[in-house]
Chemist: 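Pasting a structure here, questions to come.
These numbers were taken from a predicted model, which means no experiment stands behind them. Both ligands and their constituent atoms are indexed starting at 1 by order of listing.
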Amino acid sequence: MRMKDTVVLVTGSAQGIGRAIAIRLAQEGARIVVEDRQHNAMAGQTLDAVRAAGSDGCVVAGDVGVAADDRAVIAHAVEAMGRLDVLVNNAGVERRASFLDVTEADYDLVMKVNLKGAFFLTQAFVQHLRDTKRGGRIVNVSSVHEELPFPHFTSYCASKGGLKMMMRNLAIELAPLGIAVNNVAPGAVGTAINHELLTNKAERDALIANIPLGRLADPVEVANAVLFLASPDASYVTGTTLFVDGGLLWHYAEQ
Ligand SMILES: NC(=O)c1ccc[n+]([C@@H]2O[C@H](COP(=O)([O-])OP(=O)(O)OC[C@H]3O[C@@H](n4cnc5c(N)ncnc54)[C@H](O)[C@@H]3O)[C@@H](O)[C@H]2O)c1
């Protein structure tokens, strides 16, 4: 039980990678705050799965992209669970458009959820740790696109690149408080965020041809990396990115 006696908040955990993280950490004894935009049936299903894994938790709703919501989410989570030890910034969105067609609204949404959300939720979480004089761990789910260009997804890449530098900065600034900060960078995972791409056979085949391991990741394979970085096994790890991408980042092949 690698996460025994810890309370973990996972944003965007009503579905997809966030849900897999919630369940995987619960299997290791963590109590889970399931966070998402709404306290809906899907968030409830994640909590049911956490309980089926032998742990417990609660659902807290809020838009991570709104700083006031972030403060309220942390306050409600602490009220319900007594304290928080680990924050997983997983909520994320993407919008496809060629650079010249990107709208201000889509740019703002992507930056607001992916970067501003992680920024101000982390700030509220760190205030809680400081007030209770405890260390903790933060894991951001970024993307292989914190490093790798992805034409037609420039706002997404900018948000994930920003998350990389935020992680590196905070690893230094928060180390004296006993707080470790790391990123997990998935490659291609079979979830709703990729629905369009995954339902287009030609695009899907082209993507898989670029992945040395020759397949998409299962969400639990990302969750396993988050588990490592959230657990005491990673006690000397801070300021780094763990890629979970089947080799995609460093793949180069002559045509
Ligand atoms: N699926 C992939 O291939 C892939 C690859 C690399 C990185 N990622 C990253 O993994 C993370 C999870 O993605 P996923 O594939 O599970 O996507 P998903 O669309 O299945 O799930 C995203 C979740 O985030 C929630 N969310 C969105 N905006 C929110 C907000 N403002 N406040 C709170 N919650 C919000 C959604 O409601 C949803 O439950 C994202 O940060 C994404 O960028 C995914």
Chemist: How far is atom 39 (O) of ligand 1 from the closest protein heavy atom, and which atom is that?
Modeler: D36 OD2, 2.6 Å

Chemist: Does V113 reach ligand 1 with a nitrogen or oxygen that is under 3.5 Å from one of the ligand's nitrogen or oxygen atoms?
Modeler: no

Chemist: Regarding atom 44 (C) of ligand 1: of the candidates V189, I17, L121, which has the closest heavy atom?
Modeler: I17

Chemist: Say whether A217 and ligand 1 are in contact under the criterion: heavy-atom distance to a ligand atom below 4.0 Å.
Modeler: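 No, A217 has no heavy atom closer than 4.0 Å to ligand 1.
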
Chemist: Taking the inter-plane angle between the rings of F150 and H145 on a 0 to 90° scale, is it parallel (under 30°), tilted (30 to 60°) or perpendicular (over 60°)?
Modeler: parallel

Chemist: Quick check: do L229 and L242 have side-chain heavy atoms less than 4.5 Å from each other?
Modeler: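 Side chain of L229 against side chain of L242, heavy atoms only: contact under 4.5 Å found.
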
Chemist: Is A188 near ligand 1, meaning one of its heavy atoms is under 4.0 Å from it?
Modeler: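 Under 4.0 Å: yes for A188.
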
Chemist: With heavy atoms under 4.0 Å as the rule, classify the contact between E94 and ligand 1 as side chain, backbone, both or neither.
Modeler: neither

Chemist: Have a look at T191, L198, V184, D245 and point out the one with the heavy atom closest to atom 1 (N) of ligand 1.
Modeler: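 Shortest heavy-atom distance from atom 1 (N) of ligand 1: T191.
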
Chemist: Return yes or no for this condition: an N or O of D63 is under 3.5 Å from an N or O of ligand 1.
Modeler: yes

Chemist: If you look only at pairs with a residue in residues 83-136, which of them pass as a ring-ring contact (aromatic ring centres under 6.0 Å, His included), with sequence neighbours excluded?
Modeler: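 Not a single pair qualifies under ring-ring contact (aromatic ring centres under 6.0 Å, His included).
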
Chemist: When you measure from the heavy atoms of H145 to every atom of ligand 1, does any distance fall below 4.0 Å?
Modeler: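 For ligand 1, residue contact (heavy atoms, under 4.0 Å) with H145 is absent.
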
Chemist: Taking the minimum heavy-atom distance to atom 22 (C) of ligand 1, which of P186, G92, G16, A91 ranks first?
Modeler: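 Minimum heavy-atom distance to atom 22 (C) of ligand 1 goes to G92.
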
Chemist: Does ligand 1 have an atom that lies less than 4.0 angstrom from a heavy atom of G187?
Modeler: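 Contact present.
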
Chemist: Of the protein's non-hydrogen atoms, which lies at the shortest distance from atom 9 (C) of ligand 1, and what is that distance?
Modeler: S142 O, 3.7 Å

